[in-house]
Amino acid sequence: MATRLVLLGPPGAGKGTQAVLICQKKKIPHIATGNIMREAVGTGTPLGKKVKDYLDLGALVPDDLVIELMRGRLTLPDCNGGFLLDGFPRTVEQARALDKLLAELKTPLSSILELTVPEEVLIDRIKKRGEAGSGRSDDTVEVATKRLQVYRELTAPVSDYYRQRGGLVEIDGLGSIDEVSVRLLQNIK
Ligand code: AMP
């Protein structure tokens, strides 16, 4: 069966880094809503103009906009052999919309993995990423704190949604990139 994976976890958990490694190994597209939106902001497309203020503030872009974007992305032919979702779904409403879309396409998720990392480590990692020049304007302590608050309020319930539905696997996100990568790969179906 194709690998259709959702990678959950708070900002700074290492989702982006791990997603790249998994996608190379599994030869599936890495679909990262944050990357898509940052690129749109960078090139000044109509989508970029709509989402810029949300990204700058560390707030979530409205669900209808993100859901529409993902409906378009997930129906592109490169998703036929599987995909990895990074940064989506970010709200329970997005998770429900994803379930509905995948049911329509008859392509259910094969794995739902959540990277867990203690909060104090997250802030420290994001701060270092900002200092190292990640090119992300939202990697400041101020915006990172806001992003973590948004995560707790709106995105942590997505994990509960999948936990109740069954199939969520928690993966310890502490350790080296390679160590975490091995843990993830062992749990991907
Ligand atoms: P990320 O790169 O995943 O940390 O996302 C960066 C920013 O993009 C977030 O702080 C939000 O402003 C926006 N964003 C990314 N994914 C979503 C999503 N699924 N729903 C709403 N906003 C999102």
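Just follow the structure's listing: the first ligand is 1, and inside any ligand the first atom is 1. As a basis for the values below, the full set of heavy atoms in this structure was taken, side chains included, without hydrogen atoms, waters or symmetry mates.
Across K146 and G58, no two heavy atoms sit closer than the pair CG-O, 4.0 Å. Nearest approach of G14 to L115, heavy atoms of both residues: C-CD1, 3.9 Å.
Judged by distance alone, with hydrogens and angles left aside, the side-chain atoms of S111 form a donor-acceptor pair with the main-chain N or O of K189 at under 3.5 Å.
For the salt bridge (charged side-chain N to carboxylate O under 4.0 Å, His left out) criterion with D139, the lone passing option out of R129, K128, R125 is R129.
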Dump all N/O pairs between ligand 1 and the protein below 3.5 Å as a table: atom names plus distance, one pair per row.
residue: ligand 1; atom: 2 (O); partner: R38; partner atom: NH1; Å: 3.0
residue: ligand 1; atom: 2 (O); partner: R38; partner atom: NH2; Å: 3.0
residue: ligand 1; atom: 2 (O); partner: R136; partner atom: NH1; Å: 3.2
residue: ligand 1; atom: 2 (O); partner: R136; partner atom: NH2; Å: 3.4
residue: ligand 1; atom: 3 (O); partner: R90; partner atom: NH1; Å: 3.0
residue: ligand 1; atom: 3 (O); partner: R90; partner atom: NH2; Å: 3.1
residue: ligand 1; atom: 4 (O); partner: R90; partner atom: NH2; Å: 3.2
residue: ligand 1; atom: 4 (O); partner: R136; partner atom: NH2; Å: 3.1
residue: ligand 1; atom: 5 (O); partner: R90; partner atom: NH2; Å: 3.1
residue: ligand 1; atom: 12 (O); partner: A59; partner atom: O; Å: 2.6
residue: ligand 1; atom: 16 (N); partner: T33; partner atom: OG1; Å: 2.8
residue: ligand 1; atom: 16 (N); partner: G87; partner atom: O; Å: 3.4
residue: ligand 1; atom: 16 (N); partner: R90; partner atom: NH1; Å: 3.3
residue: ligand 1; atom: 19 (N); partner: G87; partner atom: O; Å: 2.9
residue: ligand 1; atom: 19 (N); partner: Q94; partner atom: OE1; Å: 3.0
residue: ligand 1; atom: 20 (N); partner: Q94; partner atom: NE2; Å: 3.0
residue: ligand 1; atom: 22 (N); partner: V61; partner atom: N; Å: 3.1

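Counted by atom type alone, D99 and Y162 present zero donor-acceptor pairs between their side chains at under 3.5 Å. Neither side chain, T116 nor E170, offers a donor N or O lying under 3.5 Å from an acceptor on the other.
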